[in-house]
Amino acid sequence: MPDSSDSSAMPANWQQTIAIARSPLGDRFQAESLAESLVLENLGVVRPREVRDFPLLLFLDEQGLGLQVTGKGAPGPVRAEFVTGKMGYRREHGGGAGQLVAKAVGLQKTRANLHVVDATAGLGQDAFILASLGCRVTLFERNPVIHVLLADGLARAALNVDCGAIIERMHLLEGSSIDWLERAGGEAADVIYLDPMFPHRDKSALVKKEMQVFRTVVGDDDDSGRLLAGALECARYRVVVKRPRKAPAIAGPDPTTRIEGKSSRYDVYSIKALPAQ
């Protein structure tokens with residue numbers, strides 16, 4: 001699935017499809033605060049597989065906040081996780097400037113301390129990779145459910161001795177990146193990174209699990225052309241757009257170049273050359 005999920009407007013009835021709940025070890029005060037801020041019902045201590053009134057839970061347990069499908073046989077929670085799992089493995093076993101996202105941003109071409117705006121942050125995985133390579137990353141995630149997942153993941157990772165310095169280079173802001181882009185003006189960031197939601201057909205188990213959850217609260221972006229136009233007005237050096245490998249480019253100017261992987265590609269819109277190494 002894409003790492004990002006900056007969606008168009010939430011469905012009108014989304015607050016009837018999601019509730020807050022926790023395990024016996026989940027943080028009660030955090031659950032109460034989330035229920036109040038998102039105007040969601042707080043179910044207290046429950047077992048997700050026994051919940052029938054809501055298809056999704058924002059579920060707090062000893063591992064933090066997750067988005068959990070309810071009912072018998074449901075997959076486990078989706079979290080913003082930087083300490084363990086895929087992000088933890090990459091941090092511990094390398095994966096530097098040779099990664100496709102790093103190449104697309106241009107980290108092989110410059111030693112500059114780039115300021116990257118991740119305008120569609122989702123669960124923050126690509127932003128974390130860029131921050132681990134020295135970039136300062138400003139993140140936007142306008143979907144309120146995904147935003148609180150990302151905020152929780154960043155807060156937990158900030159407490160980890162191996163991740164703290166990376167998280168210090170990541171700054172999550174409230175609101176829509178489109179609003180920010182249309183106010184910011186020229187050269188507001190060195191690179192602007194976009195990964196709008198798109199109908200994916202990847203068959204992997206991980207994609208099935210995460211997309212099953214994400215598609216309930218996040219639809220496909222219907223304003224990605226406006227997002228690209230705003231980014232091109234604000235980026236100093238380039239705009240990078242992540243797409244499924246066979247998907248069409250976002251409506252607008254043709255990309256300067258493309259960097260392709262097995263399942264995805266990066267459309268690069270160059271504005272001017274990056275500072276030399």
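Salt bridge annotation for Arg265-Glu260: absent, with no cationic side-chain nitrogen under 4.0 angstrom from a carboxylate oxygen. The pair Arg226-Glu182 counts as a salt bridge, with a side-chain nitrogen and a carboxylate oxygen less than 4.0 angstrom apart.
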Residues Leu150, His147; criterion side chain to side chain contact (heavy atoms under 4.5 Å, CB included); working and verdict: CA-CA 5 Å; Leu150 178 54; His147 184 99; 5.8 Å; no
Audit row: Glu81, Arg156, salt bridge (Lys or Arg N to Asp or Glu O under 4.0 Å) steps and yes/no: CA-CA 8 Å; Glu81 182 55 62; Arg156 286 185 284 107; 3.0 Å; yes
Pair Val116-Tyr193, side chain to side chain contact (heavy atoms under 4.5 Å, CB included): steps then yes or no: CA-CA 7 Å; Val116 179; Tyr193 180 74; 4.1 Å; yes
Criterion side chain to side chain contact (heavy atoms under 4.5 Å, CB included) on Leu172 and Leu154, from CA distance to verdict: CA-CA 9 Å; Leu172 176 62; Leu154 292 171; 3.9 Å; yes
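Linking Ile, Leu, Val, Met, Phe, Trp and Tyr whenever their side-chain heavy atoms come within less than 4.5 Å puts Leu232 and Val117 in one cluster. Note on Ile20 and Val51: separate hydrophobic clusters, where clusters join Ile, Leu, Val, Met, Phe, Trp and Tyr whose side-chain heavy atoms are under 4.5 Å apart, directly or indirectly. Following chains of ILVMFWY side-chain contacts shorter than 4.5 Å, one cannot reach Leu43 starting from Leu65, and the two form parts of different hydrophobic clusters. The hydrophobic clustering, which links ILVMFWY residues whose side-chain heavy atoms are closer than 4.5 Å, places Ile18 and Leu57 apart. A continuous path of ILVMFWY side-chain contacts below 4.5 Å connects Tyr269 to Ile192, so both sit in one hydrophobic cluster.
With a 4.5 Å cut-off on side-chain heavy atoms, Lys262 and Arg245 do not count as touching. Cys135 has its side chain within reach of Leu107: a pair of non-hydrogen atoms, C-beta onward, lies under 4.5 Å apart. For the pair Arg238 and Leu274, the minimum side-chain heavy-atom distance is below 4.5 Å. Side-chain contact between Asp61 and Arg22 is absent, with no heavy-atom pair separated by less than 4.5 Å. Between Ser270 and Val268, the closest side-chain pair of non-hydrogen atoms falls below 4.5 Å. Looking only at side-chain heavy atoms (C-beta outward), Pro196 and Ile250 come within less than 4.5 Å of each other. With contacts defined as side-chain heavy-atom distances shorter than 4.5 Å, the pair Lys272/Glu187 qualifies. Between Leu40 and Leu58, the closest side-chain pair of non-hydrogen atoms falls below 4.5 Å.
Pairs engaging residues 172-192 under the ring-ring contact (aromatic ring centres under 6.0 Å, His included) rule: Phe140-Trp180 [sequence neighbours left out].
In this structure, the separation between CG on Asp267 and NZ on Lys242 is 12.5 Å, given to the nearest 0.5 Å.
Without hydrogens or angle criteria, Glu174 side chain to Arg142 main chain gives no donor-acceptor distance under 3.5 Å. Although no hydrogens or angles enter the test, the distance criterion places no donor-acceptor pair under 3.5 Å between the side chain of Glu168 and the main chain of Met170.
A side-chain donor-acceptor contact under 3.5 Å links Asp152 and Gln30.
The hydrophobic cluster analysis finds Val45 isolated: no Ile, Leu, Val, Met, Phe, Trp or Tyr side chain comes under 4.5 Å of it, directly or through other members.
Among Leu133, Ile129, Val240, the single residue meeting the side chain to side chain contact (heavy atoms under 4.5 Å, CB included) criterion with Val101 is Ile129.
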